[in-house]
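These notes are about the structure you will find just below.
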Number of protein chains: 2
Amino acid sequence: MTRAGVQGGGAVAPRAVDVARLAGVSQKTVSRVFNGERYVSEDVRRRVLGAAEELGYRLNSAARALASGRTRAIGVVTLGTALYGPASLLVGIERATRDAGYALRVVNTLEGEPAGIAGAVESLLDQGVDGIVVSEPIDEGPVALGVDVPVLVLGAPAEFGASRVVAAGVAAEAQARAATEHLLELGHVTVHHLAGPQRWFAARDRLTGWRAALADRDRRQPPVIEGDWSAASGYAAGRELAADGEATAVFAANDDMAIGLIRALTDAGLRVPEDVSVVGFDDIPVAAYVTPPLTTVRQQFDAMAREGLRLLVQAIEKPDAEPVPAGDPPVDLVVRASTAPPPAR
Amino acid sequence: MTRAGVQGGGAVAPRAVDVARLAGVSQKTVSRVFNGERYVSEDVRRRVLGAAEELGYRLNSAARALASGRTRAIGVVTLGTALYGPASLLVGIERATRDAGYALRVVNTLEGEPAGIAGAVESLLDQGVDGIVVSEPIDEGPVALGVDVPVLVLGAPAEFGASRVVAAGVAAEAQARAATEHLLELGHVTVHHLAGPQRWFAARDRLTGWRAALADRDRRQPPVIEGDWSAASGYAAGRELAADGEATAVFAANDDMAIGLIRALTDAGLRVPEDVSVVGFDDIPVAAYVTPPLTTVRQQFDAMAREGLRLLVQAIEKPDAEPVPAGDPPVDLVVRASTAPPPAR
DNA sequence: CTCACTTGTGACTGCGCTGTCATGTCTGCG
DNA sequence: CGCAGACATGACAGCGCAGTCACAAGTGAG
């Protein structure tokens with residue numbers, strides 16, 4: 001075969017020998033350094049690490065597994081039912097991946113973690129992958145996804161990262177717009193927005209959709225309250241809104257916040273939907289059963305995952321073919337009992 | 001090195017050459033068959049597949065990746081916040097895995113899927129793993145986990161599967177007992193149970209704990225209603241209980257069902273907790289914000305994952321060492337507003 | 001009946017690493 | 001001063017597969 005494999009961009013991935021040559025040692029010594037073996041002098045270690053850095057060397061996990069007989073991987077069997085709501089996006093990705101004949105490597109990153117998304121991507125490249133899915137990312141500034149494998153970004157603008165990125169639309173903007181319009185059509189003069197953290201692209205899209213719906217009808221845009229997706233932050237926002245007493249309709253950027261919001265309004269003696277209408281986002285499984293049942297926007301996680309993966313697999317297997325963009329999924333507003341016309345003045 | 005690697009049990013994993021020899025063909029032809037290449041006669045294909053079956057041959061994914069330059073894997077970057085509630089178990093596993101220097105391979109299986117857990121495990125073995133975690137399994141009859149890597153089973157009796165299994169206790173029984181006792185201590189004569197599907201070990205443990213708490217105090221055990229974990233099934237159960245009119249206290253096997261249950265009771269004109277008290281299980285993020293805020297048992301997903309993984313990694317790296325069993329995590333009953341003394345007669 | 005082409009198969013090689021063994025060089029101790 | 005042991009490095013083989021090329025046998029057109 002021709003050595004090209006992992007790095008598709010033309011440049012060939014450096015091997016341990018290359019590092020060895022540059023550092024003036026044997027290939028075996030490079031291996032020693034990278035495995036933290038004993039009996040390597042400090043001087044040599046530094047030279048090797050320096051050379052590796054310079055070349056952008058990355059241990060080839062397949063070769064390592066083959067030679068050592070150990071994969072350094074642990075498998076997890078999960079039951080799909082445990083992963084509902086936004087988590088079900090992962091289930092969708094898993095199934096679509098398996099159907100396409102690929103295996104899944106999962107890395108998790110928490111908001112505020114120093115390594116962040118870039119670190120997670122690094123970790124995946126170490127493991128060896130043909131493609132990467134970044135699910136619902138946050139804006140961490142200019143992330144240098146200078147990666148030579150195709151990247152699928154779910155729920156972020158296509159400009160995210162640099163090269164070889166395909167994006168699958170989520171239509172979050174249209175969905176947020178529909179939610180807002182629903183409230184306006186009920187007769188509310190304007191709609192308040194309880195936004196998600198604005199570092200999340202998903203939160204921004206929802207904010208934009210809300211703004212657009214109001215702007216279309218020349219409605220006043222009340223100040224935005226920003227939550228952190230949690231029910232607790234929704235509760236805090238609810239207290240603010242109740243104290244203010246202005247709002248008759250609120251669009252919350254996810255169901256958890258909507259539920260916390262409703263709780264705070266109820267605690268403050270306001271009735272939902274008679275005094276204040278609330279719309280959520282996601283349609284989590286309990287949304288239909290909370291009090292009152294929540295009007296919300298259903299996310300088509302499965303379709304999103306399936307469609308995105310189709311694009312990604314195509315980018316892997318037929319890099320030259322023009323990506324056939326995904327048709328936007330239909331907006332699915334589920335009207336339940338948390339919305340009603342505004343109270344008579 | 002000595003060929004032993006993947007299969008620890010002593011038997012050496014068969015290679016393509018072994019299959020080739022048995023089938024009377026070349027190694028390359030075996031490769032052809034397994035890659036579905038053109039130009040293999042039907043006769044040869046059958047012979048190869050037969051020989052492979054006989055030997056229990058499994059393509060070595062590391063060698064394949066090394067030779068072909070393609071890993072056939074796709075990486076996913078998720079943000080931890082999307083995985084809450086039971087799903088956060090996966091986050092915990094992922095972090096613990098990474099901290100231990102391992103990578104994660106995830107396979108998902110849905111209830112009722114023909115291949116089931118055994119199929120998922122097969123898929124992991126195909127990918128190549130040093131150990132396997134089965135998270136919250138269901139009883140699919142005698143699952144032959146005749147596997148040569150250590151298996152960690154979270155939330156099932158140690159007898160699950162066959163060999164090299166370590167189990168991490170979840171203390172579900174004690175937790176269910178505590179939930180039930182809480183209701184009895186409030187003065188309820190007995191406690192109804194809305195159980196999870198009994199194929200799930202987790203559901204059985206909770207049922208057992210409930211029974212034990214009642215038996216301890218010689219209380220009558222009302223008939224058990226079995227749900228499917230969903231809020232919808234909780235709602236159905238709630239209608240039954242409301243029609244019956246007997247129950248003053250219900251312990252639901254998870255929060256979703258508890259929320260559905262409360263909704264049904266409320267719809268039927270019963271007040272929670274004045275007329276009927278309800279306890280849930282899991283402490284999902286919205287539990288504190290639904291109406292009324294839910295008394296529930298908090299699951300220590302993170303601790304569970306961390307502890308279990310410690311055992312698994314030890315089984316991988318020091319197969320001979322006696323596993324140090326995990327101390328049971330403390331029971332964490334979170335009392336909120338959905339429970340109260342029974343109504344005066 | 002020949003020639004070009006399709007079909008079916010095997011020999012050989014190398015992917016990039018780790019394990020093993022050999023070979024030093026440097027200590028400290030009797 | 002000589003020798004055992006710790007320390008430091010390299011040469012070499014081989015992990016199990018897929019890619020490449022060679023080649024034999026069958027097939028249909030001219």
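Letters go in sequence order (proteins before strands), and every chain restarts at 1.
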Got a sec? Which of residues 29-51 of chain B come in under 4.0 Å of DNA chain D, heavy atoms? B:Ser31, B:Asn35
Among all residues two or more places apart in sequence or in another chain, which pass the side-chain hydrogen bond (donor to acceptor under 3.5 Å, both in side chains) test with B:Arg32? none
Rounded off to whole Å, could you give me the CG-to-P distance for the B:Leu66 and C:dC17 pair? 9 Å
For D:dA18 and B:Ser68 - does any side-chain N or O of the residue sit under 4.0 Å from the phosphate oxygens OP1/OP2? no
Short heteroatom pairs, N/O only, protein and nucleotides 3-5 of chain C, under 3.5 Å:
none

CG of B:Leu59 versus C1' of D:dC17: gap in Å, rounded? 8 Å
Do the side chain of A:Gln27 and the base of D:dA11 come within less than 3.5 angstrom through a donor-acceptor pair of N or O atoms? no
Let me know the distance between CG of B:Asp18 and P of D:dG16, rounded to the nearest Å. 9 Å
Does B:Gln27 reach the main-chain N or O of B:Ala16 with its side chain, forming a donor-acceptor pair under 3.5 Å? no
In whole angstroms, the gap separating C1' of D:dA18 from CZ of B:Arg15 amounts to 16 Å
Let me know the distance between CG of B:Asn60 and C1' of C:dT18, rounded to the nearest Å. 15 Å
Can I get a per-line list of side-chain donor-acceptor pairs under 3.5 Å for residues 34-41 of chain B, giving both atom names and the distance, sequence neighbours left out?
from	atom 1	to	atom 2	distance (Å)
B:Asn35	OD1	B:Arg64	NH1	2.9
B:Asn35	ND2	B:Ser31	O	2.8
B:Asn35	ND2	B:Ser31	OG	3.4
B:Ser41	OG	B:Val44	N	3.3

Please name all residues satisfying side-chain hydrogen bond (donor to acceptor under 3.5 Å, both in side chains) with A:Tyr102, sequence neighbours left out, ordered by chain then number. A:Glu317, B:Arg70
Is B:Arg47 reaching over with its side chain to a backbone N or O of B:Ala23, donor-acceptor style, under 3.5 angstrom? yes
Check whether any side-chain N or O of B:Asp130 sits under 3.5 Å from a backbone N or O of A:Arg72 as a donor-acceptor pair, and report yes or no. yes
A:Arg70 has an atom CZ; how far is it from atom P of C:dC17, in whole Å? 17 Å
Heavy-atom donor-acceptor pair, A:Ser61 side chain to A:Gln127 backbone, under 3.5 Å: yes
Run the side-chain hydrogen bond (donor to acceptor under 3.5 Å, both in side chains) test against B:Asp302 and tell me which residues pass, sequence neighbours left out. none
Sub-3.5 Å donor-acceptor pair from the side chain of A:Arg306 to the main-chain atoms of A:Ile93, do we have one? no
Proximal nucleotide (of D:dG16, D:dG19, D:dC15) relative to the B:Ala67 side chain: D:dG16
Side chain of A:Lys28 (C-beta onward), nearest among C:dC17, D:dA18, C:dG19: C:dG19
A:Arg64 side chain near C:dC17 phosphate (N/O to OP1/OP2, under 4.0 Å): no
